[in-house]
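These notes concern the structure reproduced below.
Hydrogens, waters and symmetry mates are skipped; everything else that's a heavy atom, side chains included, is used. Positions are given from 1, in the same order as the sequence printed here. Remember, it's 1-based here, ligands and their atoms both numbered in the order they're listed.
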Amino acid sequence: MRARLAIQVADIQVELREVVLKNKPAELLAASSKGTVPVLVLPDGQVVDESRDIMLWALEQNDPQNWLQNSSQANQLIGANDVEFKPSLDGYKYAERYPESAELYRQQAEVFLQRLEYGLAQNAYLLSDHISLADMAIFPFVRQFAHVDRAWFDQADYPHLQNWLSGFLQADNFLRVMEKYPPWQPGAPIQHFP
Ligand SMILES: N[C@@H](CCC(=O)N[C@@H](CS)C(=O)NCC(=O)O)C(=O)O
């Protein structure tokens, strides 16, 4: 989702191949043996298989909303999201597959959420009063966290974070990236995004 958000704001048209993770096409694995999405294959054959790098690839070509402002702070916060928050989020989402309880992973995840709440109490967005790459790269993960137990999230003491998240979820650019596409298969008609 975050890769799509950046491609969309940069207004770069790509060919989109929707993948069902339970049935990964051989073409995906041939492009990137990691077997994760997203994967961007460039016309010269270069492969970009980290969502954060795809965001940078798009914004370095066209950044009409100046998402790349404060980029060193953004990189630091996105790193904390990806390395610290994301593993706790996965434990919280899929606790039955993990050794500890959902509550423990949620508490671990809250360390990062408290950091975001603190920042959002100072500014409208994570790094300033303007949307940056940090907001766009991180809110899809906070959305996943919120959806694990919506009632818990709604009653938790994160007023700024809740408000920040709900603004993104109602925005047209997010609704557009959440649109469903039929899974790609060899020979399927070409589907463009955005
Ligand atoms: N570091 C990668 C992680 C991507 C990732 O974990 N993607 C998930 C889906 S959101 C995935 O492809 N999982 C592989 C699977 O479930 O088989 C990135 O951000 O690009």
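Ligand 1 has a nitrogen or oxygen under 3.5 angstrom from a nitrogen or oxygen of S51.
Aromatic ring orientation, F85 versus F145: tilted (interplanar angle from 30° to 60°).
With distances taken over non-hydrogen atoms, the option nearest atom 8 (C) of ligand 1 out of V37, V39, L40 is V37. Evaluated by nearest non-hydrogen atom to atom 18 (C) of ligand 1, the leading choice among M1, Q144, E50 is E50. Selection from K24, M55, K34 by nearest heavy atom to atom 17 (O) of ligand 1 gives K24.
Using a 4.0 Å cut-off between charged side-chain N and carboxylate O, R17 and E27 make no salt bridge. Salt bridge status for R2 with D82: present, with a side-chain N to carboxylate O gap under 4.0 Å. A salt bridge does not link D172 to R176: none of the charged nitrogens lies less than 4.0 Å from a carboxylate oxygen.
Counting atoms of ligand 1 from 1 in the listed order, those under 4.0 Å from a heavy atom of P38 are 20 (O). Ligand 1 places these atoms under 4.0 Å from at least one heavy atom of G35: 14 (C).
The heavy-atom pair separating D129 from A124 by the smallest distance is OD1-N, 2.8 Å. The two residues T36 and V39 come nearest to each other via the heavy atoms O-CG2, 3.3 Å.
Within the 4.0 angstrom cut-off, atom 12 (O) of ligand 1 has one or more protein heavy-atom neighbours. Closer than 4.0 Å to atom 3 (C) of ligand 1 lies none of the heavy atoms of the protein.
Scanning all protein heavy atoms for the shortest distance to atom 16 (O) of ligand 1 gives L21 CD1, 3.6 Å.
Counted by atom type alone, D135 and W164 present one or more donor-acceptor pairs between their side chains at under 3.5 Å.
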